[in-house]
Amino acid sequence: MKKILDCIADAIKPAFAACGYEESYGRVTLSNRPDLCEYQCNGAMAAAKAYKKKPIDIANDVVEKLAGNPVFSQVMAVMPGFINLRISEDYLADHMNAMEKEPRFGLEQQGHGETIIVDYGGANVAKPLHVGHLRSAIIGESIKRMGRFLGYHMIGDVHLGDWGLQMGLIIEELRDRKPDLVYFDETYSGEYPKEPPFTIGELEDIYPAASAKSKEDEAFKARAQEATLKLQSGYEPFRAVWRHIMNVSLADLKKNYANLGVEFDLWKGESDAQKYIPGLIKDLEDRGLAYESQGALVVDIAKETDSKELPPCIIRKSDGAALYATSDLGTIIEREKEYAPSKYIYITDKRQELHFIQVFRVAKKAGYVKEDTPMAHLMFGTMNGKDGKPFKTREGGVMRLENLVAEINDAVYERIMENRTVSDEEARKTAAIIGLAALKYGDLSNQASKDYVFDMERFISFEGNTGPYILYTIVRIKSILAKYRENGGSTADSARILGAVSEEEKNLMLQLARYHEVMETGFAETAPHKICQFIYELSDVFNKFYNSTMILKEEDKDRQASYIRLITLTRGVLETCIDLLGFEAPERM
Ligand code: ARG
């Protein structure tokens with residue numbers, strides 16, 4: 001269905017035309033003076049230049065033509081030439097009734113199955129997931145869901161870091177710990193064991209130990225580098241260890257992501273790109289795009305329009321080891337071949353800005369991706385502690401994701417148990433649902449590119465701009481609806497949402513009417529924070545309506561049924577939005 005702003009513009013345009021002005025001046029926006037009006041049209045100001053008239057005269061002409069128009073309850077021309085609008089209660093109620101009937105509350109499908117690749121998560125195999133990966137997972141999941149809701153074929157790919165030095169480090173550390181394993185016996189020629197030579201617990205210990213060792217022990221580091229190269233060039237015993245690392249680590253990663261409500265369509269990684277790399281390098285060389293520079297093979301990416309000098313993209317280093325950019329280019333070749341996406345969205349922290357500029361430019365320069373296929377890098381800022389520095393554990397270490405989640409859940413659990421009205425089991429379950437909402441909303445409610453402070457006390461609060469506040473509002477609506485049904489109420493099919501009788505009720509409808517616009521711009525700008533802001537305001541106007549209105553005691557049954565339908569619509573919109581943000585509401589809290 002049409003967005004409310006377009007509906008209103010449709011009512012104004014004929015008035016401009018009837019006065020002899022171009023009807024496109026009848027554009028309408030939300031009012032920036034909500035104390036004076038709900039919507040406004042600034043077209044008279046723009047038309048003034050074209051028609052060499054005073055804006056106020058044009059505004060007056062148009063306003064006169066709008067007299068008696070059923071869309072409006074008030075139309076006013078004000079100096080210097082604004083047209084201030086209030087929409088009529090009946091017209092707004094009709095808009096609500098239409099929303100209620102339509103799938104997705106009337107949100108038009110923008111996509112028609114076009115494929116969009118969302119590259120997010122980006123976990124590194126065998127390294128613990130830490131809070132740095134959290135933002136990518138949370139933001140990416142939301143963008144993917146938003147696009148899907150609008151009709152795009154979204155493919156989420158975790159793009160694992162599964163081909164780097166960490167593998168060599170693990171192999172050499174494993175050799176030091178268990179030198180008798182067959183993988184290290186160069187004379188061994190039998191089959192390699194099916195059982196992994198470590199548990200996930202051991203693996204989690206091996207990588208940090210190896211990483212620490214490599215910082216002090218040059219010889220160990222050299223061994224790890226060599227092992228990495230051997231693995232990458234296909235040395236079978238190390239490939240066998242690598243497969244074990246992958247299996248053990250992936251099972252754990254999948255569990256962790258599932259706990260976060262994050263689901264990937266593809267579990268591909270850097271290793272999957274390797275088979276494209278020799279061909280890629282040859283192609284770039286053959287076509288004269290890549291050349292030798294100080295022992296490395298590079299592609300120039302600088303453009304005249306650049307404001308700062310951008311270094312060339314390194315495709316191959318002198319030692320021949322796989323490079324991050326080359327893996328990304330190989331991945332693009334595979335994605336083009338298998339999915340031919342109409343758009344790419346990558347989600348990582350800001351520090352990877354140059355990397356993606358280089359990769360995108362090479363991909364386009366070489367024609368691997370069509371010039372007009374958008375390649376977007378959504379960069380996010382750092383999650384800081386209250387001290388303003390990157391978030392750490394109390395001991396100053398890197399916080400592991402699962403510990404962070406557990407900490408939030410415990411804090412929510414304690415809060416629930418303060419009023420102890422539910423069983424311990426239910427409290428735990430509810431705490432996990434609220435905890436996830438607190439964490440995700442705490443992140444998503446900030447513009448992604450900004451740094452933000454992880455403030456657990458604030459995030460888990462039931463008041464203010466928080467996830468739990470949104471859930472609390474939904475739960476409140478659910479409980480009113482349950483009581484209404486308990487009292488024998490039902491919403492007959494003939495019941496409709498009636499014109500608002502209070503300012504609070506109208507404000508609730510006005511906010512609901514913004515939904516379509518928010519969904520569209522939220523996705524177009526890859527900005528989940530716009531959805532957060534919308535539902536925060538929606539919760540606020542709902543709660544004001546709730547506080548000022550006796551819904552369950554209302555004696556006029558039609559009026560009451562109308563209230564019930566309106567709050568049901570509110571609940572539906574809120575639930576839809578939190579689903580797009582990647583969390584859900586409990587039954588009670
Ligand atoms: N594994 C990388 C990291 O931890 C993130 C991967 C992002 N995606 C990509 N296609 N490069 O930094």
Side-chain angles (χ1 to χ4, degrees), residues 116-141 143-144 154-170 207-208 211 228 242 245-246 249-250 252-254 256-257 260 262 264-274 276-277 280 313-315 321-336 338-339 341 343-364 368-369 373-383 390-391 398-401 448 526:
I116 299 182
I117 298 266
V118 194
D119 180 312
Y120 70 109
N124 297 319
V125 169
K127 297 189 195 176
L129 269 183
H130 59 75
V131 296
H133 292 113
L134 179 71
R135 296 208 70 191
S136 178
I138 292 180
I139 297 168
E141 181 68 20
I143 304 276
K144 183 192 70 185
M154 305 297 283
I155 301 181
D157 183 0
V158 64
H159 196 77
L160 298 168
D162 60 358
W163 204 237
L165 180 63
Q166 86 258 37
M167 296 298 176
L169 286 165
I170 293 169
Y207 172 73
S211 161
T228 308
W242 177 81
I245 299 174
M246 289 297 282
S249 181
L250 266 178
D252 186 58
L253 273 174
K254 288 189 175 170
N256 268 299
Y257 278 126
L260 281 175
V262 172
F264 297 98
D265 305 288
L266 300 178
W267 285 83
K268 297 234 163 199
E270 293 173 3
S271 65
D272 293 294
Q274 302 312 310
Y276 300 96
I277 290 180
L280 166 83
C313 180
I314 307 178
I315 302 296
L323 284 168
Y324 189 40
T326 324
S327 287
D328 262 321
L329 286 165
T331 304
I332 287 172
I333 290 180
E334 178 173 84
R335 288 174 178 166
E336 285 293 321
E338 296 194 357
Y339 310 105
K343 180 174 178 165
Y344 289 84
I345 305 176
Y346 291 79
I347 298 159
T348 79
D349 72 47
K350 275 184 215 161
R351 288 170 300 182
Q352 300 199 22
E353 179 172 17
L354 177 61
H355 166 76
F356 283 105
I357 292 178
Q358 293 178 319
V359 168
F360 295 171
R361 287 200 184 174
V362 175
K364 297 238 161 142
Y368 299 143
V369 175
T373 300
M375 302 188 87
H377 179 206
L378 176 55
M379 296 179 258
F380 52 82
T382 315
M383 173 169 138
F391 188 80
V398 176
M399 177 68 105
R400 296 187 43 160
L401 194 61
T526 50

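Note that ligands are numbered from 1 as they come in the structure, with each ligand's atoms numbered from 1 the same way.
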Based purely on interatomic distance, does Y324 place a nitrogen or oxygen under 3.5 Å from a nitrogen or oxygen of ligand 1? yes

Just verifying a value: how many Å separate S211 OG and L169 CG, rounded to the nearest 0.5 Å? 6.5 Å

CD1 (I116) and NZ (K144) are apart, to the nearest 0.5 Å, by 13.0 Å

Check whether more than 12 heavy atoms from other residues, nucleotides or ligands sit under 6.0 Å from atom CD1 of I314, and answer yes or no. no

Considering all heavy atoms, the nearest I245-A126 contact: CG2-CB, 3.7 Å

Which pair of heavy atoms, one from G381 and one from K350, lies closest together, and at what distance? CA-CE, 3.9 Å

Using a 4.0 Å cut-off to any heavy atom of [X], which atoms of ligand 1 qualify?
X    : result
Q352 : 3 (C), 12 (O)
Y346 : 10 (N)
H133 : 4 (O)
D119 : 7 (C), 8 (N), 9 (C), 10 (N)
F356 : 9 (C), 11 (N)
T348 : 7 (C)

Tell me which part of Y120 gets within contact of ligand 1: side chain, backbone, both or neither, using heavy atoms under 4.0 Å. neither

Structural part of D328 in contact with ligand 1, heavy atom criterion under 4.0 angstrom: side chain

Quick check: does any side chain N or O of Q274 sit under 3.5 Å from a backbone N or O of E270, one acting as donor and the other as acceptor? yes

So which protein heavy atom does atom 4 (O) of ligand 1 come closest to, and at what separation? N124 ND2, 3.0 Å

Go through H159 and F264 one step at a time and tell me if the side-chain contact (heavy atoms from CB on, under 4.5 Å) criterion holds. CA-CA 10 Å; H159 196 77; F264 297 98; over 6 Å; no

